Amino acid sequence: MGITRTQVAIIGAGPAGLLLAHQLHQIGIESVIVESRTREEIEGTIRAGVLEQGTVDLMNRLGVGDRMMKEGHFHEGFELRFNGKGHRINAHELTQGKYITVYAQHEVIKDLVAARLRQGGTIHFNVGDVSLHDVDGSSPKIRFRPDKDGELQEIHCDFIAGCDGFHGPSRPAIPQSIRTEYQKLYPFGWLGILTEAPPSALELIYANHDRGFALLSTRSPQIQRLYLQVDAKDDIANWSDDRIWSELHTRLETREGFNLIEGPIFQKGIVSMRSFVCDPMQYGRLFLAGDAAHIVPPTGAKGLNLAAADTQFLVRGLEAYYKQGRPDLLERYTEVCLRRVWKAERFSMFMTNLLHRNFDHSPFERQIQLAELDYVTSSRAASVSLAENYVGLPMQYD
Ligand code: RFL
Ligand code: PHB
């Protein structure tokens, strides 16, 4: 078995793993990433689109933000649409100058991978059989098989960062007896499409319609991203392109008339929605970051941004450990992360409940939902709260 050594072994080359490797590199701490998918696969997976100001600032501080600043879209607000009428939330003004950046997650991944390889960093793609060992001792290890079927390799390290998403092996390496998992499932999913069409609006539109939620987002001047609320158990085979467009037109329509521009649909799929938190996010020398530790429904656009925030807390702890011999910040990693994570969980659930049609609701509950939409769009106090959460709450280190 081949053995190598590094300071921090990172499992997963998603936003969490890659952002962590870059920040560690910037302060002179070595890391190696192992990733179970190929580079082409991770660079081609369509997921998030909205970056908080803090995530954009981090990308720029790391020197990997050039393409994002050129090709990303910087929005000052977004729209909540209900009862056939749009209501703009001017997030820029309500948050003293913050922006909402629309730049696709797989473009972030491409930028981070290319820059990491240019720096001479190691990313083992397409590995198999990743396992964690001795995480509660002073010399943890990970094992993996290069190219899925090569001879087992072992990486000895000081710390393991579990950045392997919701289904990876890191979270289960925390003994069940000390792990509490909080979870909420929703009765709906999102059907997402990519279409070759010019933008139908300048900013994102979140619509609550009697038939269900719809979201109009964007990707580029030629490509648009749209979502529809569907039943959690629905099958994409039930959704012809015609049915998708018909439903999008209905749910996004306004009394004044809204021109939704159609184009060929070249990608479509359904994702389920859940809220999930694992406490603690650490065990011995293993630290979880991103979706490995928590999941939010996509309505608040928080998942990638939470992953970015976790890595900043972790880097601060690792820096104190290596540079000042202080383990206390690492010891408080879970506490500091979860304080912010729970607020993002609260906001994501709030946005989800506000915008989706719950077909089990009584007419009374439906009226309460519409009253809440009216309130958040007409009260300045409520709009400020909505906007500050949407652009991203500040990082609180203590
Ligand atoms: P990822 O991105 O899942 O990356 C984990 C990586 O680990 C690899 N892996 C393994 N590697 C080695 N060995 C193993 N055994 C492994 N098992 C897994 C995986 O291949 C993968 O490469 O987690 P990370 O880094 O924590 O990042 C989290 C984000 O990807 C996620 O939260 C967001 O995509 C959520 N999300 C959104 N977040 C936002 O901030 N803004 C948005 O607008 C937004 N929209 C969305 C979203 C997620 C969506 N879906 C598809 C769930 C919209 C959608 C539709
Ligand atoms: C997206 O563009 O993919 C997107 C935008 C806003 C969300 C979620 C996803 O809340």
Side-chain angles (χ1 to χ4, degrees), residues 9-21 33-39 41-52 54-56 73 75 78 100-106 108-109 112-113 123-132 142-145 148 161-173 189-194 203-206 213 215-220 223-227 267-274 276 288-311 344 347-348 351-352 355 390 392:
I10 301 174
I11 310 180
L18 289 163
L19 284 169
L20 178 62
I33 302 181
V34 296
E35 163 59 53
S36 56
R37 293 184 297 157
T38 64
R39 181 174 178 183
E41 281 172 307
I42 65 165
E43 291 184 348
T45 305
I46 309 297
R47 292 185 85 176
V50 175
L51 306 182
E52 290 178 356
T55 307
V56 169
H73 301 262
H75 295 179
F78 59 95
I100 297 152
T101 301
V102 185
Y103 186 64
Q105 176 166 335
H106 66 283
V108 171
I109 296 284
L112 292 172
V113 167
I123 308 175
H124 297 282
F125 292 104
N126 195 32
V127 303
D129 299 340
V130 174
S131 57
L132 297 82
I142 61 174
R143 283 194 199 131
F144 66 99
R145 240 177 249 290
K148 306 276 194 218
C163 303
D164 43 0
F166 187 63
H167 301 286
S170 294
R171 192 176 60 256
W190 274 19
L191 186 163
I193 62 159
L194 283 171
E203 294 177 341
L204 268 62
I205 300 171
Y206 291 82
F213 167 76
L215 168 59
L216 175 78
S217 180
T218 185
R219 283 294 180 269
S220 72
I223 294 174
Q224 304 309 305
R225 178 78 165 144
L226 295 107
Y227 296 97
Q267 205 265 352
K268 59 180 170 182
I270 293 179
V271 291
S272 62
M273 310 206 3
R274 74 172 85 220
F276 174 91
L288 306 181
D291 280 13
H294 40 72
I295 297 286
V296 284
T299 330
K302 290 278 162 266
L304 184 161
N305 295 297
L306 279 180
D310 288 352
T311 63
F347 177 68
S348 302
M351 284 286 275
T352 303
L355 289 160
Y390 192 81

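Predicted, not measured: the structure shown is a model, and the values here were computed from it. First listed ligand is number 1; within each ligand, the first listed atom is number 1.
- Residue Y390 has no nitrogen or oxygen atom sitting less than 3.5 Å from a nitrogen or oxygen atom of ligand 2, judged on distance alone.
- At a 4.0 Å heavy-atom cut-off, ligand 1 touches V130 through the side chain alone.
- Contacts between R47 and ligand 2 below 4.0 angstrom, taking non-hydrogen atoms only, involve the backbone exclusively.
- Contact annotation: for K302 versus ligand 1, heavy atoms closer than 4.0 Å belong to the backbone alone.
- The contact set between ligand 2 and T299, taken as ligand atoms under 4.0 Å from a residue heavy atom, comprises 10 (O).
- For ligand 1, none of its N or O atoms has an N or O atom of I46 under 3.5 Å away.
- Ligand 1 places these atoms under 4.0 Å from at least one heavy atom of V34: 11 (N), 12 (C).
- Annotation for ligand 1: atoms under 4.0 Å from non-hydrogen atoms of Q105 are 2 (O), 29 (C), 30 (O), 33 (C), 34 (O).
- Ligand 1 places these atoms under 4.0 Å from at least one heavy atom of D291: 23 (O), 26 (O), 28 (C), 29 (C), 31 (C), 32 (O).
- Evaluated by nearest non-hydrogen atom to atom 10 (O) of ligand 2, the leading choice among Y206, W190, F78, Y103 is Y206.
- Note that the OG1 atom of T311 and the CD1 atom of I10 stand 9.5 Å from one another [nearest 0.5 Å].
- Between atom CD1 of residue I142 and atom OG of residue S131 there is a gap of 8.5 Å, rounded to the nearest 0.5 Å.
- For the pair S217 and V102, the minimum side-chain heavy-atom distance is below 4.5 Å.
- The closest approach between any non-hydrogen atom of R219 and ligand 2 is below 4.0 Å.
- Of all atoms in ligand 1, numbered sequentially from 1 with element shown, those under 4.0 Å from a heavy atom of P169 are 14 (C), 15 (N).
- Here is the list of ligand 1 atoms found below 4.0 Å of a heavy atom in G290: 26 (O).
- Note: W190 and Y227 have tilted aromatic rings, judged against thresholds of 30 and 60 degrees for the angle between ring planes.
- Residue contacts with ligand 1, taken as heavy atom pairs separated by less than 4.0 Å, involve L304 via backbone and side-chain atoms alike.
- No side-chain donor-acceptor contact under 3.5 Å links E52 and T55.
- Of the residues K302, R47, R274, the one that meets the salt bridge (charged side-chain N to carboxylate O under 4.0 Å, His left out) test with D291 is R47.
- Considering only residues two or more places apart in sequence or on other chains, D164 meets the salt bridge (Lys or Arg N to Asp or Glu O under 4.0 Å) condition with none of them.
- Looking at ligand 2, you won't find any N or O of L204 less than 3.5 Å from one of its N or O atoms.
- Under 4.0 Å from ligand 2, the heavy atoms of S217 that appear belong solely to its side chain.
- Interface of G12 with ligand 1, defined as ligand atoms under 4.0 Å from a residue heavy atom, comprises 6 (C), 7 (O), 8 (C), 11 (N).
- Between atom CG of residue L304 and atom CD1 of residue I109 there is a gap of 7.5 Å, rounded to the nearest 0.5 Å.
- V50 CG2, 3.5 Å is the protein heavy atom nearest to atom 5 (C) of ligand 2.
- By the salt bridge (Lys or Arg N to Asp or Glu O under 4.0 Å) test, R225 is found to be paired with no residue, residues two or more places apart in sequence or in another chain being considered.
- Distances shorter than 4.0 angstrom do not occur between any heavy atom of V102 and any atom of ligand 2.
- Distances from atom 36 (N) of ligand 1 to the heavy atoms of G192, S36, A48, S217 put A48 nearest.
- Contact annotation for Y227 and ligand 1: only side-chain heavy atoms (C-beta onward) come within less than 4.0 Å of the ligand.
- Here the closest non-hydrogen pair linking S170 and I11 is OG-CD1, 3.7 Å.
- A distance of 11.5 Å separates CG in L51 from NE2 in H73, rounded to the nearest 0.5 Å.
- Of the protein's heavy atoms, R47 NH1, 3.2 Å lies nearest to atom 2 (O) of ligand 1.
- Nearest heavy atoms, N305 versus V50: ND2-O, 3.1 Å.
- Residue-ligand proximity, I11 to ligand 1, at heavy-atom distances under 4.0 Å covers atoms 12 (C), 13 (N).
- Considering only non-hydrogen protein atoms, atom 4 (C) of ligand 2 sits nearest to Y227 CE1, 3.8 Å.
- Comparing I270, V296, T299, D164 by heavy-atom distance to atom 7 (O) of ligand 1, the nearest is D164.
- Residue contacts with ligand 1 include P15, since one or more of its heavy atoms lies under 4.0 Å from the ligand.
- Between Y206 and F78, the two ring planes are perpendicular [angle over 60°; tilted spans 30° to 60°].
- In this structure the side chain of T352 never reaches within 4.5 angstrom of the side chain of V296, judged on heavy atoms.
- Close approach of ligand 1 to G165 is summarised as follows: ligand atoms under 4.0 Å from at least one heavy atom of the residue are 3 (O), 5 (C), 23 (O).
- For atom 21 (C) of ligand 1, the closest non-hydrogen atom of the protein is E35 OE1, 3.5 Å.
- Only the side chain of V271 comes within 4.0 Å of ligand 1, counting heavy atoms alone; its backbone N, CA, C and O stay farther away.
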